[in-house]
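Worksheet: one structure, shown below.
The first residue of the sequence shown is numbered 1, and numbering continues consecutively from there. Keep in mind that the numbers below use all heavy atoms, side chains included, and drop hydrogens, waters and symmetry copies.
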Amino acid sequence: MAVAHFNATAPAGKAGRFDQVHSHLDRLETLAAEYPDTRREVHERLIKALFNTAKYQGQADRFDALTDTIDRAEELAATYPSSDEVQRTYALTRFTAATAARRADRSEECRVHIDRLDDLVTDYSHVPEIRRRFAKALHGMMDSLWSADRVDEARATMDRIRSVAAAFPADEELQCVSARALVNHSRNAGAACHLDLLSDHLDQLVTLYESYPSEETALRLAQGLFNTVRYRGEAGQFDDLFRSLDRLDDLAARYPDGDVPHLYAKTLSIVSKYLGENDRVETAEQCLGRIEALAAAHPADEVIQSRLSETRQRNAVEE
């Protein structure tokens, strides 16, 4: 019976039938009271149903109702402090609420949920999903702070992500969350003309890749290199250009079947454009030569071949 009521909450919430959702939630509460021998099992279903409810309330901007749902989930979490599964689901519920609040520009509510996740990371450091959700929630908030031109707060939020990742060095998935946040941080910094931040972000991505070499961290490093070359090139700054391109060349050779070669081709094409605009024709030709070599190594790759064609045409016009 409890399973049936739990299963019914997701489709009812998705359809916006919240009266039905609350009926199922109340029935789960009643079942827990009526059958004490299975109370914990029913409550584990209930908190998962509350997570479903919070998800769809957030999507529907029903924030008053969402607050009540969070309160019910928090009460259950307090009832079962030794249950990792209950705490994990409670953290997911807080993460969902933080995401909904951020998207609705309810920044203070978002901070409350994130701070509660921070507490859960401390109390349940052995539950990986909790710290990963905390880092992801911080990542979302950081992007919003950049959008609002709140640069110092965005940087402080990135520091919090780095701090939690540093506290759990054996959690490779968490390191990947940190790497993705760094990529967005560097893109936002470049777009906002904070070019002084790019070197530090890139150094951190290099360290992450060297410490946790994988296709995922290689892609994030490649994205960071692209951001650095792009925004510096846009500003006419070409210091350490070939050092960055050499790193991309090495990554593309190590991971020839993924997205890294595409990013390398895109980087070369864009920086070639900026070099031409700054009368650095010879250096632009060197970049064209690199794309030609990359294209020769990937003759069937339409993306790379297209970048080569685009760059050749542009360089010919500029000559």
Are V177 and F134 linked, directly or through intermediate hydrophobic residues, by side-chain heavy-atom contacts shorter than 4.5 Å (ILVMFWY only)?
no
So for atom CD, which belongs to E85, do other residues, nucleotides or ligands contribute more than 12 heavy atoms lying within a distance under 6.0 Å?
yes
Salt bridge or not for R220 and E216, using N-O below 4.0 Å?
yes
Check whether any side-chain heavy atom of M141 sits under 4.5 Å from a side-chain heavy atom of L138, and report yes or no.
yes
Who pairs with D240 by side-chain hydrogen bond (donor to acceptor under 3.5 Å, both in side chains), at least two apart in sequence or on another chain?
none
Same cluster (ILVMFWY, side-chain, under 4.5 Å), L46 and L66
no
Looking only at heavy atoms, what is the nearest atom pair of C287 and V271, with distance?
SG-CG1, 3.7 Å
Pair L25-R72, side-chain contact (heavy atoms from CB on, under 4.5 Å): steps then yes or no:
CA-CA 10 Å; L25 295 175; R72 292 176 76 174; 3.9 Å; yes
Would you check if V127 and V121 make a side-chain contact, meaning some heavy-atom pair closer than 4.5 Å?
no
Should V112 and L145 be counted in the same cluster of Ile, Leu, Val, Met, Phe, Trp and Tyr side chains packed under 4.5 Å apart?
no
Taken to the nearest 0.5 Å, the spacing of D259 CG from K266 NZ works out to 11.0 Å
Validation: residues 291-305 side-chain donor-acceptor distances under 3.5 Å, sequence neighbours left out:
unit_1, atom_1, unit_2, atom_2, d
E292, OE2, R312, NE, 3.4
E292, OE2, R312, NH2, 3.3
D301, OD1, H262, NE2, 3.1
D301, OD1, V303, N, 3.0
D301, OD1, I304, N, 3.2
D301, OD2, H262, NE2, 2.8
Q305, NE2, A295, O, 3.0
Q305, NE2, H298, O, 3.0

R62 side, atom CZ; Y56 side, atom OH - distance, nearest 0.5 Å:
14.5 Å
Does R314 come within less than 4.0 Å of E310, counting only side-chain N to carboxylate O?
yes
Would a distance-only check, ignoring hydrogens and angles, find a side-chain to backbone donor-acceptor pair under 3.5 Å from S163 to D159?
no
Below 30° counts as parallel, above 60° as perpendicular, anything between as tilted: where do the rings of Y209 and Y255 land?
perpendicular
Where S178 and L208 come nearest, the two heavy atoms and their spacing
OG-CD1, 4.2 Å
Sidechain-backbone polar pair: T89 side chain, I47 backbone, donor-acceptor under 3.5 Å:
no
Check whether more than 12 heavy atoms from other residues, nucleotides or ligands sit under 6.0 Å from atom CG of D203, and answer yes or no.
yes
Do the side-chain N and O atoms of R232 and S199 include a donor-acceptor pair separated by under 3.5 angstrom?
yes
Between CD of Q313 and CG of L308, what distance do you get to the nearest 0.5 Å?
9.5 Å
Is any side-chain heavy atom of H185 closer than 4.5 Å to one of W146?
yes
Is R230 close to T267 at the side-chain level, that is, under 4.5 Å between some pair of heavy atoms?
no
Starting from the C-alpha separation in whole Å, work towards a yes-or-no answer on side-chain contact (heavy atoms from CB on, under 4.5 Å) for L50 and E75.
CA-CA 11 Å; L50 289 167; E75 184 178 338; over 6 Å; no
Rounded to the nearest 0.5 Å, what separates atom OG in S211 from atom CD in E172?
10.0 Å
With a 4.5 Å limit on heavy-atom distance, are the side chains of D84 and R88 in contact?
no
Begin from the C-alpha positions of L268 and L248 and carry the test side-chain contact (heavy atoms from CB on, under 4.5 Å) through to its verdict.
CA-CA 10 Å; L268 287 166; L248 276 166; over 6 Å; no
R254, CZ: over 12 other non-hydrogen atoms inside 6.0 angstrom:
no
Cationic N near anionic O, under 4.0 Å, R160 to D115:
yes
Min side-chain heavy-atom separation L197-S186 under 4.5 Å:
no
Heavy-atom nearest pair, A98 first then C110, reads O-SG, 3.6 Å
Give, for atom CG of N188 and atom OG of S147, the distance between the pair rounded to the nearest 0.5 Å.
6.5 Å
With a 6.0 Å cut-off (strictly less than), is the heavy-atom count around CZ of R155, excluding the residue itself, greater than 12?
no
How long is the span from the CD atom in Q204 to the NE2 atom in H201, to the nearest 0.5 Å?
6.0 Å
Any donor-acceptor N/O pair, T69 side chain to A65 backbone, under 3.5 Å:
yes
May I ask you to check whether over 12 heavy atoms, not counting those of D196, lie within 6.0 Å of atom CG?
yes
Looking at I114 and A137, what are the two nearest heavy atoms and their distance?
CD1-O, 3.6 Å
Is there a side-chain contact between F238 and T283 in this structure, where contact means two heavy atoms from C-beta onward sitting under 4.5 Å apart?
no
Using the rule that two of Ile, Leu, Val, Met, Phe, Trp, Tyr join whenever any of their side-chain heavy atoms come within less than 4.5 Å, decide whether L245 and Y231 are in one cluster.
no
Checking Q175 side chain against F168 main chain: does a donor-acceptor pair fall under 3.5 Å?
yes
Could you tell me whether the side chain of Y124 and the main chain of P81 form a donor-acceptor pair under 3.5 Å?
yes
Compare every heavy atom of M142 with every heavy atom of A154, then report the nearest pair and how far apart it is.
O-CG, 3.6 Å
Where is the tightest heavy-atom contact between R40 and S83, given as atom of each residue plus distance?
NH2-CB, 3.2 Å
State whether R102 and D143 are salt-bridged, where the test is any N-O pair (Lys NZ or Arg NE/NH1/NH2 against Asp/Glu carboxylate O) under 4.0 Å.
no
One pair to check against salt bridge (Lys or Arg N to Asp or Glu O under 4.0 Å): R290 and D249. What are the steps and the verdict?
CA-CA 9 Å; R290 286 178 177 247; D249 190 58; 5.0 Å; no
Flag yes if L28 and L92 sit in one hydrophobic cluster, no otherwise; membership is Ile, Leu, Val, Met, Phe, Trp, Tyr, and two members link when side-chain heavy atoms are under 4.5 Å apart.
no
Please confirm whether the backbone N or O of A77 pairs with a side-chain atom of Q87, one donor and one acceptor, at under 3.5 Å?
yes
Let me see the working for I70 and R116 under side-chain contact (heavy atoms from CB on, under 4.5 Å), right down to the final yes or no.
CA-CA 11 Å; I70 292 294; R116 188 65 188 98; over 6 Å; no
Any side-chain heavy atom of L275 sitting closer than 4.5 Å to one from L241?
yes
